[in-house]
J.: 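The structure is given below, and queries will be raised subsequently.
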6 protein chains.
Amino acid sequence: MNKKQVLRFGLPKGSLQDATIEKMAKAGFNISVSSRSYIPYVDDPELEIRMIRAQEISRYVEHGYLDCGITGLDWIQENGSKVHEVGEFQFSKVTRQPARWVLAVPENSPIKSVKDLEGKRIATEVVNLTRKYLRKNKVKAEVEFSWGATEVKAHELVDAIVEITETGSSLRANKLRIVETLMVSTPRLIANHTSWKDAWKRKKVETMAMLLKGALEAESKVGLKMNVARENLQNLLATLPALRNPTISNLSLEGWVAVETIIDEHVVRELIPALKSAGAEGIIEYPLNKVVY
Amino acid sequence: MNKKQVLRFGLPKGSLQDATIEKMAKAGFNISVSSRSYIPYVDDPELEIRMIRAQEISRYVEHGYLDCGITGLDWIQENGSKVHEVGEFQFSKVTRQPARWVLAVPENSPIKSVKDLEGKRIATEVVNLTRKYLRKNKVKAEVEFSWGATEVKAHELVDAIVEITETGSSLRANKLRIVETLMVSTPRLIANHTSWKDAWKRKKVETMAMLLKGALEAESKVGLKMNVARENLQNLLATLPALRNPTISNLSLEGWVAVETIIDEHVVRELIPALKSAGAEGIIEYPLNKVVY
Amino acid sequence: MNKKQVLRFGLPKGSLQDATIEKMAKAGFNISVSSRSYIPYVDDPELEIRMIRAQEISRYVEHGYLDCGITGLDWIQENGSKVHEVGEFQFSKVTRQPARWVLAVPENSPIKSVKDLEGKRIATEVVNLTRKYLRKNKVKAEVEFSWGATEVKAHELVDAIVEITETGSSLRANKLRIVETLMVSTPRLIANHTSWKDAWKRKKVETMAMLLKGALEAESKVGLKMNVARENLQNLLATLPALRNPTISNLSLEGWVAVETIIDEHVVRELIPALKSAGAEGIIEYPLNKVVY
Amino acid sequence: MNKKQVLRFGLPKGSLQDATIEKMAKAGFNISVSSRSYIPYVDDPELEIRMIRAQEISRYVEHGYLDCGITGLDWIQENGSKVHEVGEFQFSKVTRQPARWVLAVPENSPIKSVKDLEGKRIATEVVNLTRKYLRKNKVKAEVEFSWGATEVKAHELVDAIVEITETGSSLRANKLRIVETLMVSTPRLIANHTSWKDAWKRKKVETMAMLLKGALEAESKVGLKMNVARENLQNLLATLPALRNPTISNLSLEGWVAVETIIDEHVVRELIPALKSAGAEGIIEYPLNKVVY
Amino acid sequence: MNKKQVLRFGLPKGSLQDATIEKMAKAGFNISVSSRSYIPYVDDPELEIRMIRAQEISRYVEHGYLDCGITGLDWIQENGSKVHEVGEFQFSKVTRQPARWVLAVPENSPIKSVKDLEGKRIATEVVNLTRKYLRKNKVKAEVEFSWGATEVKAHELVDAIVEITETGSSLRANKLRIVETLMVSTPRLIANHTSWKDAWKRKKVETMAMLLKGALEAESKVGLKMNVARENLQNLLATLPALRNPTISNLSLEGWVAVETIIDEHVVRELIPALKSAGAEGIIEYPLNKVVY
Amino acid sequence: MNKKQVLRFGLPKGSLQDATIEKMAKAGFNISVSSRSYIPYVDDPELEIRMIRAQEISRYVEHGYLDCGITGLDWIQENGSKVHEVGEFQFSKVTRQPARWVLAVPENSPIKSVKDLEGKRIATEVVNLTRKYLRKNKVKAEVEFSWGATEVKAHELVDAIVEITETGSSLRANKLRIVETLMVSTPRLIANHTSWKDAWKRKKVETMAMLLKGALEAESKVGLKMNVARENLQNLLATLPALRNPTISNLSLEGWVAVETIIDEHVVRELIPALKSAGAEGIIEYPLNKVVY
């Protein structure tokens, strides 16, 4: 049979759309979204991209309309979708903190723990997650779906909210206090169970997972290159994070070597002073597109 | 004679302006356009930049108001300009497809080939190219200049249009069908014939062409670096595109080498899995500013 | 004592804000500014960032509300602030010219030098700098504070202005002529004198200065890598700027070496043709994040 | 007791926000929304405004957090809210057609009536309205909540959608066909049952309803004024819509009267030619702020 | 025959689009343009609107694709279109000056009249109008089509330009001098000759012309109302522009009358002081939607 | 002498610019500001407009560069400008509250009155007004010029601020408390003393003041028109604000009169219910352009 194989891939539409398309491009898949057509162009004839709200992707993957997709663990669980999880992607570069769904109340609210919610009213976008959490804590409370601007509601429309946050700064600006954390969520690549059993589709998904992981990995990593006298080499190597072996190459200048390594960008600020103390010279840091171990 | 030599260089204004200025910067020429002055600043005293519509650049190069400029082959031919073509630049990174001027009609039009245009009316921005094409096909039809929104006209104002497209997605969104392709167009660096005979100007143009080519080339290329055991080296080299010799350097670790090469970004997605199979470790991909062979 | 040490750091708000946050990120400090909170988030618990107008930073550093900050030499002197200057940062990448405060008049004004200002009226944002300059030149003139759009005033509201410029193009577009230059200003990292005596704060500031310098340095530098036959090596090295020793490593191909160096981006356009003449092959230029000598 | 009486009033946030605030201003209540504060300023100390999503207003009116609010009949019914309906407001000025929730399918879908939905999947923002409609028609189908971009889903993610439309043009542009209309919705002013029993609140709400109605009425009405000879008066009056008595005043010019009336703006285009035929002179049309019969 | 009669009406797309749609609304025809559909909605089933570039409307009216349309006299003549001119509309409200196509040159150009253009090169968007003008003046010069930014070209790319202007301020800002005026252009309502012979279409067009005229007229007119003692009436009437008879009605207060008139808005600033001197009291000015004499 | 008389008029540039130009248009003076020219076009050859920062207008009026201008009382006093005040204009339509400069501190600050500022540091844009206020209160404190974002400074950079506010909502959003009000400021039309003595200029300024006043007055006024049976007339007149005599005209319908009056828009909401009770029928409210008593 020579029918063309195609993988239907769902990406989150909306606020995450540009970032996702940029990361797909780094992984090697160039997508261009036209305002006139709801099917984006992608420069891989084996792929069909669909932009769908993060909230709905797991549902359409489960039903088989999509072979796979990228969405958050939160919405997979909120929808109770039965899908195969292929991989987890790392946290936001800026804060290096995952998204958390938290129970929040006004700063001066008497509510101190989930137990204090008995008989109260809670607004949230994740109604199922919240109800499950209340059941687990044996608390009876009314949970209502919030269409947006949930933070503002905590002050007079409801008693508490369950809302998403990274650093908590938006909650603080709204004078809200975090009571408890319901769940921590990170982006996942998920696949439909049937698609996952198809050999061609599975291989295609796994390759994409590797490339995406390589691209995302590279966002928080940098390349570091420096020269060092051979006599200071052991000293310098002790300074570098033990994680991976650096590449050491001989320089034509007698007694000197070049050391090159890949490290987490956020440790560079502590590492560079240490490297200089250890005898490194001509340190340069350069950006990466992909890192595949 | 010590009069300062200057090269007057035309760049396309409008939708391509930002991209062009960015590419010039990658080539090493920083341009800043002020809303108050029609002459952009450039950090090279030997250059004078003029921003002019792509449609008109070849005309002003031919007349000698500009020594050289960048514009599309389409407009050079539409204007019938007699200029020296210094170089051709590569296609759009996103689609890797060149711009094409195509004859298009509504999906359900009876027109199936250029021959069916006899006695019809055609709207286009490239009136001369279209007339020439009709003559070549011995078809008599009325061609009228379209001031814009040409795609919409095909449905009721005219019988067919000649329009530019890369992926055809805008035509599809307008429910138009491509009948034939009139020409494929790519950006060209062109020079005035007299300027090209001036030794200083010619050398300046050639250097700029090399730098621009190096910068554009680098946009679709990436650097790839990996470590491999010497025993797997031949295996791995067989995997790499034959195009160029990779740089192989000895690592201080006995029996291992570092392999570094420059490849087309769009093959990376197929290459990385193959390289891992061939024994590559610690593969990293990094971005390039310029590639000059 | 285990109280957490914190450094309060002022960054210029307004037109320079985005550029500064980008440079801080390159230095390794990720800042995110929320429209809801006036205290930006930074991913270093030892830092507290404040966004303050460049005009005011030196004043708040002097008073001790800030431990240190980045602002221009112009505003440090205009405010007459007594602060410790930790370091100077390089010029704008685009123009490679520092900001200058200049005395400007309409093109056809009879004023030819500062001496001609006797009894005249001058509008400027830097009232103190201007008055000091007049005193130094023994000229008596009225200086009035300009709240903005100073350039327009020169034509009828006042006799002359003192305004900032890089390339002078905005002044030219306003048909103004530069009479004299009052001062050249570059960005400085400054510290409060007391904070500077605190060992922990001083070390923190010095590390940040090194990282920022490395990041800014990298903006105008690029990496250059090429292969060359050993017999052409001396020839090629003579072509490279003498500034730093290039890294030369042996290639596995007998008789060839790889040469790698860091150079100013703006000399690349002259260097590449020369390198090719000297026998370099496979020249690639790549971007840098940081350069620390 | 003399505690200040206050009416808490909910207005729809989001796409309707600006239009609503403008209409409130026409009714005589000036509201200014600050990006920094979630409580808008209103120049009536007896009012407290809350901007809340149209979807949620009826819920908060029912619970008593709001005394009254403006929202659509659709969301009142979707939420099943038990509230007092004070008044209905007229249709959009542009289309003069009320919003309708319709069942829509792709143009070439075999679905011709609600009966054909048996066993199918439907996406909609109004899950409850849709389920009720299916029950009424004794059809069993799966209804799932759509977070947005519902129109696009009809082509491959679901079998049908229930979506809102005025003219149907957005559905047509998406190549969808309307199968049936589920409900017609217009804006309503609703009040909490308890608030409605409070004499002060009820009077305040009724006055606001009258002023809002007067302002909305005025949007689709205009004033028309003309002079006519007394002998042509009966003729002219026969031409005017019978709806209201025009105001007829004597002119100082013997035998002439001025006729002034208020009519629907959209009949003006047919009326003016008729009035001229009937002898009207100097016809002027002027805008209105409010019309209270 | 009961086939629905429809008039196909072309309106200018682009920079004039919003203003035109607003004026049509004032005339009583509400149009809403959707980004998804190229056919705008209009609340009159007898109309079909098409948005087309002003440059092209006369061509499509001539060919019969449109029954009628609004465009400038300039483009009707540039295209040499044979169409029926139904009416002319008044000038811009702001400047009260019609658009003019003028011959312009740099301030210091030696060109003083059209005669000096012999052998020169001229850039313009109206190639045919310019050539005709040169022929009339027996001047031979090269005329080339300008795709935009024509004003900038006058300084070095060509010798002169023919460009459109109202107040000349944009030309002055570009340091250009007006040499001569080629033509004055105002908006025209034009009809296809065949459509004009169709009784139904002609009546429809004439009604629309009357309503549009009434709406445009109203833009530069205002209503003025005042009270005056009968003894001062003649005095006051002498002050009012003689153009039209004011409406004079008796007040219930003995000896006083109300005077009401419609006047050009731009004379109000001179009229009001005069009216007060003549004894007018309680003068109010109010806006108009339409004025039909 | 027939030299053309011209009045040079300064209008506030920046945030108030659009509103000012709109009000000038209502007064009958159409201004169009070009981004290319710093001198706006105005359709009155006797006027020359200059757009200048509100902060600076009084200074240039005092010096005679401008004949007159519109600015706030605050900046006239801050600059200590000696100018003739021609007229005061009314408050903002939305809040009906004048701008106030207030002393503000963090909500939890111990500062309760101006007396508590002894030895403190205050940031403000109105340094002179603040110093004068402190002197009057015999308080010694340091006052420093704030370049913007003053509200944020109150929390840690200074002890108190002097800032402008209308409703106080921005201060509240920043968790600041108003301690005292320094001054209330409204817009003023001011003239240079010498210009004011010139008969022609003075008349021109007075006419403009009358027209501007008429236009501004009209913004907060509306026309109200209703029919009433003669027997209810006295009753109805008693309901209307005593401010001005309404216009009463006889209707042709025996025993009925039409009543027309001009009232403050913000009393309409209380008045309409009362008018209906008093027997008014067919009440309509219409907008005004100008009101000149």
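Throughout, protein chains are lettered first and strands after them, A, B, ... in sequence-line order, and every chain is numbered starting at 1.
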J.: Ignoring hydrogens, what is the shortest heavy-atom contact between Thr247(A) and Asn227(B)? Give both atom names and the distance.
T.: OG1-ND2, 3.1 Å

J.: Within a 6.0 Å radius of atom NZ on Lys112(B), are there more than 12 heavy atoms belonging to other residues, nucleotides or ligands?
T.: yes

J.: Which distance, rounded to the nearest 0.5 Å, do you find between the CD1 of Ile39(A) and the CZ of Arg172(B)?
T.: 9.0 Å

J.: Checking heavy atoms, do the side chain of Glu260(A), its backbone, both or neither come under 4.5 Å from chain B?
T.: side chain

J.: Apply side chain to side chain contact (heavy atoms under 4.5 Å, CB included) to the pair Lys290(A) and Val268(B), showing each step before the final yes or no.
T.: CA-CA 10 Å; Lys290(A) 275 197 203 77; Val268(B) 170; 3.7 Å; yes

J.: Taking all heavy atoms of Asn289(A) and all of Tyr286(B), pick out the closest pair and write down the distance.
T.: ND2-C, 3.6 Å

J.: Using non-hydrogen atoms only, which part of Ala25(A) is less than 4.5 Å away from chain B: side chain, backbone, both, or neither?
T.: backbone

J.: Is it the backbone or the side chain of Val292(A) that comes under 4.5 Å from a heavy atom of chain B, or both, or neither?
T.: both

J.: Any idea which heavy atoms bring Gly28(A) and Arg269(B) closest together, and the distance?
T.: O-NH1, 2.8 Å

J.: Output the distance between atom CZ (Phe29(A)) and atom NE2 (His266(B)), rounded to the nearest 0.5 Å.
T.: 12.0 Å

J.: Can you measure from CE (Met210(A)) to CD1 (Ile272(B)) and round to the nearest 0.5 angstrom?
T.: 6.0 Å

J.: Is chain B contacted by the side chain of Leu211(A), its backbone, both, or neither, given a heavy-atom distance below 4.5 Å?
T.: side chain

J.: At their closest point, which heavy atom of Pro287(B) faces which heavy atom of Pro287(A), and how far apart are they?
T.: CD-O, 3.3 Å

